[in-house]
Structure formats: C-alpha cells, structure tokens
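In what follows, a structure is listed as structure tokens, so that the remarks can point back to it.
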Amino acid sequence: GASLELLDVTSAEVRVAEGRSAEEHADLAWAIHSNSILSSSGIGDEAGERVRLHLRDVVATEFGDSGATISYVSLAVRRRPREANAASEEGAVAPASEAVATA
C-alpha cells in the first residue's frame with residue numbers, strides 16, 4: 001500500500017513581489033526557478049545569463065512593478081509505519097513521522 005498518508009491540502013492565490021521593482025521580481029523568480037531551468041535544459045553559464053536577463057525583460061513587460069498573483073499548494077503528509085512483517089525482517093519498526101511539502 002501507499003507509504004504516505006495525506007493529512008491536509010491547502011491552496012490559495014497569493015501575491016508575490018508586490019511593492020517591488022520589476023527587476024527585484026525577476027530576481028526572485030530566477031532564485032526560485034533557475035536550478036530547474038539550468039539543470040533540465042543543459043545550457044551553460046553564458047546562455048543561462050541570457051535567459052536570466054530575458055526573464056527580467058519579460059517580467060518588466062508583463063507585470064511592471066505591480067507584482068503577480070500565483071497559485072500556492074501545500075501538502076501535509078505522514079509516513080505510515082512499516083508493516084510488522086517487513087519491519088521484523090529489517091530488525092526495527094520505523095516511527096511515523098510528519099512532514100510538510102510545498103509546491
């Protein structure tokens with residue numbers, strides 16, 4: 001069966017970079033997303049810098065200094081204890097733990 005139990009799901013629309021300049025907004029977006037963009041695309045540092053600068057232009061054009069509304073989802077999960085048979089084979093029972101993941 002599933003090893004995680006879903007305890008709670010929260011979602012909301014939130015404002016980001018409100019009251020910040022378009023440049024600060026773009027820098028925030030780059031800080032959040034650059035790892036994923038760079039690692040999944042395989043582009044080098046020089047091309048990555050061009051993407052970052054282009055992102056600044058896009059944010060300035062699309063949002064200006066007004067910030068943006070984004071969707072936010074938070075999941076609270078708990079790991080279920082291992083079944084007695086599987087745990088006895090390993091010599092111990094893992095304690096249940098709780099974690100919060102944000103996407």
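Below, each value reflects all heavy atoms present in this structure, side chains not excepted, and no hydrogens, waters or symmetry copies. What you see is a predicted model; the values in this text were computed from it and never measured.
A pairwise comparison of heavy atoms in V51 and W30 identifies CG1-CZ3, 3.8 Å as the closest pair. In terms of heavy atoms, L38 sits closest to G48 at CD2-CA, 3.8 Å. Pairing each heavy atom of A22 with each of G64, the nearest pair is CB-O, 3.3 Å. Pairing each heavy atom of A68 with each of H25, the nearest pair is CB-CE1, 3.7 Å.
Here T69 contributes atom OG1 and E18 contributes atom CD; the two are 7.5 Å apart, rounded to the nearest 0.5 Å. Note: H33 NE2 to L28 CG = 8.0 Å, rounded to the nearest 0.5 Å. The distance from atom CZ of R80 to atom CG of L4, rounded to the nearest 0.5 Å, is 8.0 Å.
The closest side-chain heavy-atom distance from D27 to R52 is below 4.5 Å. The shortest distance between side-chain heavy atoms of D57 and L53 does not fall below 4.5 Å. When side chains are defined from C-beta on, E13 counts as touching S71, because their heavy atoms get closer than 4.5 Å.
A chain of hydrophobic side-chain contacts below 4.5 Å, direct or via other Ile, Leu, Val, Met, Phe, Trp or Tyr residues, connects V9 to V77. The hydrophobic cluster containing V58 does not contain V16, counting ILVMFWY residues as joined when their side-chain heavy atoms lie under 4.5 angstrom apart, directly or transitively. In the hydrophobic clustering of this structure, L6 groups with V73; members are Ile, Leu, Val, Met, Phe, Trp, Tyr whose side-chain heavy atoms approach within less than 4.5 Å, directly or through other members.
Checking E62, E24, E23 one by one against R56, the salt bridge (Lys or Arg N to Asp or Glu O under 4.0 Å) holds for a single residue, E23.
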